[in-house]
Amino acid sequence: MRLSRYFLPIIKETPSEAQIVSHRLMLRAGMIRQASAGIYSWLPLGCKVLRKIEAIVHDEQQAAGAIPVLMPTIQSADLWRQSGRYDDYGPEMLRINDRHDREMLYGPTNEEQITEIAAAGIRSYRDLPKTLYHIQWKFRDEVRPRFGVMRGREFLMKDAYSFDIDKAGATASYNRMFVSYLRTFERMGLKAIPMKADSGPIGGDMTHEFLILAETGESAVFLDRTIADLSFGDREIDWDDAAALQGIVDQWTNGYARTDETHDETTFHAEVPEDRRVTARGIEVGHIFYFGSKYSEPLNAKVMNPDGETVALESGSYGIGVSRLAGAIIEASHDDNGIIWPEAVAPFEVAVINLKQGDAEADAACEDLYSKLTARGFDVLYDDRDERAGSKFATCDLIGVPWKLVVGPRGLKNGVVELASRRTGEKEELAPDDAMNRLADRFGRA
RNA sequence: CGGAGUGUGGCGCAGCCUGGUAGCGCACCUGCUUCGGGAGCAGGGGGUCGCAGGUUCGAAUCCUGCCACUCCGACCA
């Protein structure tokens with residue numbers, strides 16, 4: 001993308017309403033624009049990041065065997081009456097009447113809908129297990145939206161729902177999602193820690209929240225350092241090997257890790273030696289539940305088991321706050337100059353910065369880099385604006401492009417361009433072809 | 001939902017108390033000089049002062065009502 005043709009409305013000054021760094025930076029970098037309280041438009045840069053996050057979630061969900069669907073945002077009140085949640089949910093649910101005065105609602109979640117779908121399409125234990133998911137906008141009419149997309153009323157969420165014949169099957173499905181989440185967040189460059197959670201309004205007993213550590217997190221967290229030091233790495237997964245999955249889950253859940261909701265100081269001290277106790281703050285980016293037949297019973301989602309008996313489906317639900325992640329990643333990765341995107345979710349992987357637009361040699365060198373990198377599959381931002389160098393650097397750092405290729409007449413005289421890392425600040429002078437090869441190695445591209 | 005505030009050009013703000021030609025910085029446009037980490041000078045464009053009533057010769061300013069948004073707290077993917 002040539003910056004001169006892009007739409008990137010950055011702002012120099014800090015918007016007064018933004019209290020936390022991710023909100024400030026998202027506004028300044030032209031990623032989002034507030035439409036009304038807790039509701040945002042995603043501008044090109046923000047939209048790009050959101051799509052990259054979504055792509056990773058889709059990829060990992062499907063790797064773990066979940067099947068993509070897409071359910072509507074507007075739902076009928078009837079289903080919610082059957083589950084008993086129409087009244088329970090309270091004013092947080094946005095209720096709408098259509099022209100026939102039928103009661104509708106903008107979905108805050110989709111358990112009822114998916115259970116209805118499962119009830120209609122799954123008849124036998126032979127059809128199980130199944131995990132379906134979608135990534136769809138949700139609306140929860142928060143009393144006090146704040147922190148930009150971290151706590152909006154409208155938000156994009158991945159929600160998956162598993163269906164099994166019995167508790168053992170449901171546990172296996174739960175564990176698949178658990179492991180899938182470890183992989184998903186790690187791919188995004190995040191350290192997400194599973195923590196024992198309260199089940200909240202959805203109910204259930206087997207439940208974990210995934211939190212990333214950040215100073216501005218909304219929850220206080222208490223954990224054993226050994227959990228924070230775990231990393232998933234490249235290990236091979238057999239998604240059908242229930243025992244192996246259970247082993248991984250055990251590895252991540254054996255140590256103490258809780259939020260302030262479930263934290264117990266006495267247990268913490270008893271289980272964790274003092275030098276391993278970590279007290280920090282975290283942002284919830286995922287939440288998984290097992291809830292058994294809570295919805296399948298009232299919604300009559302029942303199947304026949306091998307013994308010819310009709311039994312209610314065993315279910316769980318599994319959420320990832322996709323739009324929240326965009327903010328959470330920034331909370332976890334930024335500096336005074338702006339955002340520092342992990343490569344996997346960066347809106348652009350590399351920026352070509354032309355220090356002297358209009359200089360024939362510089363222009364030619366930049367055009368060459370831009371077309372070659374693009375041809376090699378890179379997402380490139382070419383800053384071809386007629387701006388001063390300082391302004392280009394500032395923009396590039398603000399929007400967090402992980403790598404810069406700096407091209408100017410001075411370097412070209414010596415046959416070099418500068419390759420600079422946004423994260424470390426390290427700079428290296430290389431011949432243009434060498435710089436491209438360096439990037440190709442880094443990103444695993446030819 | 002309790003408490004506290006704010007609405008004036010795209011953004012950040014002053015002006016309001018004490019009514020009398022709507023202003024500043026950034027951004028934007030034009031020109032010149034600059035140009036390797038958010039340039040300088042000169043000129044220029046853009047605002048029904050949140051909305052509706054009221055008081056007044058005259059309202060951004062005073063009064064009444066409404067709307068929107070923000071912050072603190074309780075609550076939440």
Side-chain angles (χ1 to χ4, degrees), chain A residues 9-20 23-24 27-28 30 33-39 89-93 107-111 135-160 181 197-202 207 209-212 218-219 259-261 282-289 317-328 336-338 353-359 362 383 385-398 404 406-414 416-418 420 425 427 429:
Chain A
I10 61 168
I11 47 180
K12 273 192 192 178
E13 293 172 58
T14 302
S16 61
E17 78 273 14
Q19 294 303 299
I20 62 168
H23 191 194
R24 279 201 295 272
L27 291 168
R28 288 196 53 213
R33 181 171 173 79
Q34 182 167 328
S36 56
I39 301 177
Y89 226 95
E92 209 174 78
M93 185 152 72
T109 178
N110 293 75
E111 277 85 2
I135 296 179
Q136 179 62 288
W137 291 93
K138 306 287 189 286
F139 194 93
R140 294 186 192 172
D141 200 356
E142 294 281 342
V143 192
R144 180 149 120 78
R146 59 186 129 173
F147 305 146
V149 301
M150 302 273 287
R151 185 65 184 282
R153 292 194 292 172
E154 186 182 55
F155 57 97
L156 188 60
M157 179 167 128
K158 186 282 300 185
D159 39 325
Y181 277 31
D198 253 351
S199 57
I202 290 179
T207 173
E209 294 177 335
F210 287 74
L211 288 98
I212 62 172
E218 289 196 78
S219 321
T259 67
D260 42 11
E261 285 179 349
I283 300 167
E284 184 182 345
V285 290
H287 201 158
I288 60 179
F289 302 88
S317 77
Y318 314 90
I320 289 180
V322 173
S323 49
R324 171 180 282 188
L325 269 169
D336 290 345
N337 293 327
I353 294 188
N354 190 344
L355 292 176
K356 191 153 184 155
Q357 202 70 37
D359 177 275
D383 192 344
R385 296 171 304 163
D386 188 12
E387 287 286 333
R388 301 165 65 86
S391 164
K392 292 189 177 188
F393 285 124
T395 298
C396 191
D397 288 347
L398 173 63
K404 283 190 283 284
V406 183
V407 181
R410 215 177 283 171
L412 289 175
K413 271 202 187 76
N414 302 317
V416 297
V417 297
E418 183 184 275
K427 300 169 188 170
E429 296 205 323

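First the proteins, then the strands, lettered A, B, ... as listed; each starts at 1. We use all heavy atoms of the structure for the numbers below, so side chains are in, but hydrogens, waters and symmetry mates are not.
- One interatomic measurement links the two molecules: CZ of A:R388 to C1' of B:A39, which rounds to 4 Å at whole-angstrom precision.
- Of the residues near RNA chain B, A:V406 and A:E209, the one whose nearest nucleotide (by heavy atom distance) lies more toward the 5' end is A:V406.
- The base-pairing partner of B:A77, taking Watson-Crick or G-U wobble contacts with both distances under 3.5 Å, does not exist among the strands shown.
- Put simply, NE2 on A:H23 and CD on A:Q34 are 6.0 Å apart, with the number rounded to the nearest 0.5 Å.
- Considering only side-chain atoms of A:F393, the nucleotide from B:G38, B:G37, B:C71 that sits closest is B:G37.
- A distance cut-off of 5.5 Å between ring centres, combined with a plane angle under 30°, places A:F155 in a stacking arrangement with the base of B:A77.
- Note on A:G152: a base of the nucleic acid sits closer than 4.0 angstrom, heavy atoms only.
- Of the candidate nucleotides B:C26, B:G36, B:C71, B:C71 has the atom lying nearest to any side-chain atom of A:Q19.
- Residue A:S323 comes nearest to A:V149 through the heavy atom pair O-CG2, 3.6 Å, listed as atom of the first residue, atom of the second, then distance.
- Look at the P atom in both B:G23 and B:G15: the space between them is 16 Å, to the nearest Å.
- Remark: B:A39 base-pairs with B:U33. Criterion, Watson-Crick or G-U wobble with two distances under 3.5 Å.
- Between A:K392 and B:G38 there is no side-chain polar atom (N or O) within less than 4.0 angstrom of OP1 or OP2.
- If you check B:G36, B:A77, B:C11 against the side chain of A:P409, the one that comes closest is B:G36.
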Worked verdict on A:I320 versus A:F210 for side-chain contact (heavy atoms from CB on, under 4.5 Å): CA-CA 9 Å; A:I320 289 180; A:F210 287 74; over 6 Å; no
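- Among the protein residues, A:G411 comes within range of the nucleic acid bases, having at least one heavy atom under 4.0 Å from a base atom.
- Of the inter-residue distances, the one linking A:Y181 atom OH with A:H287 atom NE2 reads 10.0 Å to the nearest 0.5 angstrom.
- If you take atom C1' in B:G45 and the same atom in B:G54, they sit 36 Å apart, rounded to whole Å.
- Among B:A77, B:C1, B:G38, the nucleotide with an atom closest to any side-chain atom of A:R28 is B:G38.
- Going from atom CD of A:E154 over to atom C1' of B:A77 covers 14 Å, rounded to whole Å.
- Going from atom CD1 of A:I20 over to atom CE of A:M150 covers 4.5 Å, rounded to the nearest 0.5 Å.
- Rounded to an integer number of Å, the gap from CD1 of A:I10 to C1' of B:G38 is 8 Å.
- The shortest distance between the side-chain N/O atoms of A:Q357 and the OP1/OP2 oxygens of B:C35 is not below 4.0 Å.
- Remark: P of B:A77 and NZ of A:K158 are 15 Å apart, rounded to the nearest angstrom.
- If you check every strand for non-hydrogen atoms under 4.0 Å, A:G408 touches a base.
- When the P atom is compared between B:C24 and B:G46, the two are found 14 Å apart, to the nearest whole Å.
- Atom name P, nucleotides B:A52 and B:A59: the rounded distance is 14 Å, in whole Å.
- When heavy atoms are screened at a 4.0 angstrom cut-off, A:E218 is found touching base atoms of the nucleic acid.
- The nucleotide whose nearest atom lies closest to any side-chain atom of A:L398 is, among B:G38, B:U70, B:A77, B:G38.
- Across the strands present, B:G58 finds no partner; the criterion is a Watson-Crick or G-U wobble pair with both atom distances under 3.5 angstrom.
- Backbone-only engagement by A:S36 is indicated by non-hydrogen atom pairs under 4.0 Å involving sugar-phosphate atoms exclusively.
- The interatomic distance linking A:K12 (NZ) with B:A39 (P) rounds to 6 Å, in whole Å.
- With C1' as the reference atom, B:A60 and B:G7 are 11 Å apart, rounded to whole Å.
- Checking side-chain atoms of A:K392 against main-chain N and O of A:D383 turns up a donor-acceptor pair under 3.5 Å.
- A distance of about 9 Å separates the C1' atoms of B:U61 and B:C17, rounded to the whole Å.
- Contact annotation for A:D397: base contact, defined as any heavy-atom pair under 4.0 Å involving a base atom.
- The interatomic distance linking A:L355 (CG) with B:U34 (P) rounds to 19 Å, in whole Å.
- Rounded to the nearest Å, the gap between the C1' atom of B:G43 and that of B:C35 is 22 Å.
- Going from atom CG of A:D336 over to atom P of B:G38 covers 16 Å, rounded to whole Å.
- Here the shortest heavy-atom pairing between A:A362 and A:L412 reads CA-CD1, 3.6 Å.
- Between the side chain of A:R151 and the base of B:C75, at least one donor-acceptor pair of N or O atoms lies under 3.5 Å.
- With distances taken from any side-chain atom of A:V143 to the nucleotides B:C69, B:A74, B:A77, the minimum falls on B:A74.
- Judged by Watson-Crick or G-U wobble contacts below 3.5 Å, the nucleotide B:U21 has no partner.
- You'll find that the side chain of A:S391 is closest to B:G38, out of B:G36, B:C69, B:G38.
- In this structure, A:R146 atom CZ and B:U6 atom P are separated by 21 Å, rounded to whole Å.
- Nucleotide B:G47: unpaired (no Watson-Crick or G-U wobble partner with both distances less than 3.5 Å).
- Put simply, the side chain of A:E13 and the base of B:G25 share a donor and an acceptor less than 3.5 Å apart.
- Among the nucleotides B:G12, B:C71, B:G36, the one closest to any side-chain atom of A:A389 is B:G36.
- Each of A:A394 and A:K356 has a nearest nucleotide on RNA chain B; the 5'-most of these lies closest to A:K356.
- Pairing for B:U6 goes to B:A68, judged as Watson-Crick or G-U wobble with the two contacts each under 3.5 Å.
- For the atom pair CG (A:N110) and NZ (A:K138), the distance works out to 4.5 Å, reported to the nearest 0.5 Å.
- B:G10 and B:C49: their P atoms are spaced 14 Å apart (whole Å).
- For A:A37, taking side-chain heavy atoms from C-beta onward, the closest of the listed nucleotides B:G36, B:G25, B:U70 is B:U70.
- Between A:R144 and B:C71, a side-chain N or O to OP1/OP2 separation shorter than 4.0 Å is present.
- In this structure a side-chain-to-backbone donor-acceptor pair under 3.5 Å is missing from A:R146 to A:R151.
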